[in-house]
Amino acid sequence: MQSLGAQYDNISKLGRVAEEDQALNTHEEFLNVRLNRLDWQRLKQVEAALDRLKAGDYGMCEHCEEPIPVKRLQAIPWAKYCVPCQERIQEQEQHEESEPATTGSW
Ligand SMILES: [Zn+2]
């Protein structure tokens with residue numbers, strides 16, 4: 001939670017820079033929206049992890065219900081899935097995202 005607070009500080013600084021430099025405004029705004037969205041997702045992930053901690057099923061993969069390795073939880077304490085499940089889900093998401101763009105650009 002502390003590191004999240006620090007990130008919000010950085011974002012508010014970025015916002016001020018964007019106000020001063022109009023030429024970079026659109027790009028900075030785009031970055032801010034993206035950063036805010038990522039932070040919001042991270043916050044939701046942390047909250048969900050805290051809920052799982054309360055419910056007593058923290059550290060279990062939500063997909064295959066196997067325990068998530070401790071090393072992974074140390075690196076990503078809010079991890080919802082074990083590595084193989086996470087990779088599978090990300091691949092599916094990327095596939096779903098890239099498909100319309102590919103057909104559109106050709
Ligand atoms: Zn899994």
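Scope of the values below: all heavy atoms of this structure, side chains included, with no hydrogens, waters or symmetry mates. In each ligand, atom 1 is the first atom listed, and ligand 1 is the first ligand listed.
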- Item | Connected-component partners of Val83 among ILVMFWY, side-chain separation under 4.5 Å |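 Listed partners: none, Val83 stands alone.
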
- Task: Apply side chain to side chain contact (heavy atoms under 4.5 Å, CB included) to Arg52 and Met60, showing your working.
- Result: CA-CA 9 Å; Arg52 292 200 298 278; Met60 304 297 277; over 6 Å; no

- Looking only at atom types and distance, does a side-chain atom of Tyr81 sit under 3.5 Å from a main-chain N or O of Glu87, one as donor and one as acceptor? no

- Should Glu47 and Lys44 count as an ion pair when the cut-off is N to O under 4.0 Å? yes

- Which protein atoms of type N, O or S are found under 2.8 Å from the Zn ion (ligand 1)? Cys61 SG, Cys64 SG, Cys82 SG, Cys85 SG

- More than 12 foreign heavy atoms under 6.0 Å from CD of Gln41: is that the case here? yes

- Message: Quick check on side chain to side chain contact (heavy atoms under 4.5 Å, CB included): which of His63, Lys80, Glu65 does Cys85 satisfy it with?
- Response: His63

